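Everything below concerns the one structure shown next.
It should be emphasised that the depicted structure is a prediction, and the values quoted were computed from it without experimental measurement.
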Amino acid sequence: MRSFVDTEENERSRRRRSGWLRPTIRLAVGVGLISFLISRSDISAIKQALAGANPLLIMASYSLSIGLVVASAFRWRIFLEALEVDLSIPSILRLTFVGAFFNAFLPPGVGGDAYKAFRVRTTNTTLATSFASVLLDRVAGIAMLAILGFLAAVTAIRSDITPLVLMGLALSVGVLALATSVLLMGQNLVGGGRRTWFGIRPRIRRALDAAARAIRRPSTIRRSFMIGVVCQAFGIAAYATLAHSLGLGIPLEVVTLGLLSATVVSAIPITINGLGIREAVWVWGLSIYGIAQGRALAYALLVLGVSLATSAVGGLVYAVAGGDVAVQEGT
């Protein structure tokens, strides 16, 4: 009996160590990548670029980033309504800001999505329904960015075919194909075999079924498309404003392609929330257009700083207002 208890305790201890070890390694890799980029750059050029940045434009970029979070809250509201989940606008805004905070500061990068799904769930709103709303919101965001990235690539390719343009074109087509497959054929991809994957498969199927039913409504697609354009317009404008604050002089389509590439590539689970990978993509992409590595890295670090500062608002919201919401599912 004692041996069995000791074994169980050792297993729990091993899992705790593993739970901390992976995020720590990924954080170390991300910090290492940024350190490597800095070591390969002219540090004085980085300092000079950051010192010369226009503070008013940085604040404008920050305001646009806040606008992006607010607009995404209203995009999520469209899917909640399509799934007949009644949630007040203040609650949606609060959960969206807190979710952005968790997405930025929790290791998986999707902790905020899980937080939102669990907070919306009640006795009348199943976890499958709440997860479907979050899934639709996430897919709508990346799909709209892919659409704008495709348009940017088509525009840029007329004047010059660069590796960034080709990468943006390939990523936009791939993202749109994957998003379509998940929404239209998600249940087939999951399958209906006897294996339940520790009980996860049936829940995924229910969530995908709810998501498929929600997007069958033309009004849902139309409204989410319109607010999706607004969301990505805020995001692209924020990045373009930061580029202007440093006087980089890069076209809007290059900013769009850089944003798409950095967003998709940083989803690779090598570092914490793409730390280091995202900055490397920006340095690589901007160097194609003649931006010196020091200035390109200064831009990437400035993007990181504004992003973290925007997400930190959710931490303040959580500290002040908490996370409890009152949800009632319609009939």
Side-chain angles (χ1 to χ4, degrees), residues 30 33-58 60-62 64-65 68 142 144-176 229 232-268 271 274-307:
L33 283 173
I34 291 182
S35 300
F36 175 76
L37 291 172
I38 293 176
S39 67
R40 295 292 299 272
S41 304
D42 184 349
I43 297 180
S44 62
I46 298 175
K47 292 180 179 179
Q48 184 178 0
L50 293 175
N54 189 320
L56 293 179
L57 291 178
I58 293 176
S61 175
Y62 178 72
L64 289 167
S65 296
L68 168 61
I142 189 63
M144 179 52 64
L145 180 57
I147 291 174
L148 296 179
F150 179 82
L151 296 176
V154 171
T155 301
I157 208 170
R158 295 177 181 176
S159 57
D160 190 14
I161 302 177
T162 67
L164 180 63
V165 172
L166 294 177
M167 182 178 183
L169 191 62
L171 288 177
S172 61
V173 173
V175 166
L176 289 173
V229 172
Q232 296 306 331
F234 271 115
I236 294 171
Y239 279 70
T241 303
L242 278 183
H244 190 55
S245 73
L246 293 172
L248 298 185
I250 53 176
L252 188 61
E253 56 266 25
V254 173
V255 175
T256 305
L257 291 170
L259 175 56
L260 171 64
S261 300
T263 300
V264 176
V265 175
S266 63
I268 301 174
T271 67
L275 181 66
I277 298 177
R278 177 177 50 247
E279 288 71 29
V281 171
W282 276 114
V283 170
W284 168 77
L286 294 179
S287 67
I288 296 174
Y289 294 89
I291 306 299
Q293 183 166 330
R295 298 182 68 202
L297 184 54
Y299 173 75
L301 294 175
L302 203 55
V303 165
L304 176 62
V306 170
S307 176

Can you tell me how far apart [atom1] ([X]) and [atom2] ([Y]) are? Round to the nearest 0.5 Å.
X      : Y      : atom1 : atom2 : result
Leu164 : Ser261 : CG    : OG    : 5.0 Å
Asp42  : Lys47  : CG    : NZ    : 10.0 Å
Ile142 : Gln232 : CD1   : CD    : 7.5 Å

Over all atoms of both residues, closest heavy-atom pair of [X] and [Y]:
X      : Y      : result
Ile46  : Ala298 : O-CB, 4.1 Å
Gly168 : Leu260 : O-CD2, 3.6 Å
Ser41  : Gln293 : OG-NE2, 3.0 Å
Ile34  : Leu304 : CD1-CD2, 4.4 Å
Gly274 : Glu279 : O-OE1, 4.1 Å
Ile161 : Ile157 : CG1-CG1, 3.5 Å

Are any of the side-chain heavy atoms of [X] and [Y] separated by less than 4.5 Å?
X      : Y      : answer
Leu64  : Leu68  : no
Val165 : Asp160 : no
Val264 : Leu145 : no

(message) So for atom CZ, which belongs to Phe150, do other residues, nucleotides or ligands contribute more than 12 heavy atoms lying within a distance under 6.0 Å?
(response) no
Show me the donor-acceptor pairs within less than 3.5 Å that the side chains of residues 280-291 make with the rest of the protein, sequence neighbours left out.
{"unit_1": "Ser287", "atom_1": "OG", "unit_2": "Val283", "atom_2": "O", "d": "3.3"}
{"unit_1": "Ser287", "atom_1": "OG", "unit_2": "Trp284", "atom_2": "O", "d": "2.6"}
{"unit_1": "Tyr289", "atom_1": "OH", "unit_2": "Thr162", "atom_2": "OG1", "d": "2.9"}

(message) Between Leu275 and Leu33, is the side chain to side chain contact (heavy atoms under 4.5 Å, CB included) condition met? List the steps.
(response) CA-CA 8 Å; Leu275 181 66; Leu33 283 173; over 6 Å; no
(request) Taking Ser159 for its side chain and Ala156 for its backbone only, find out whether a donor-acceptor pair lies under 3.5 Å. (result) yes
Just list the side-chain donor-acceptor pairs under 3.5 Å for residues 234-252, sequence neighbours left out, or say none.
{"unit_1": "Thr241", "atom_1": "OG1", "unit_2": "Ala237", "atom_2": "O", "d": "2.6"}
{"unit_1": "Ser245", "atom_1": "OG", "unit_2": "Leu242", "atom_2": "O", "d": "2.5"}

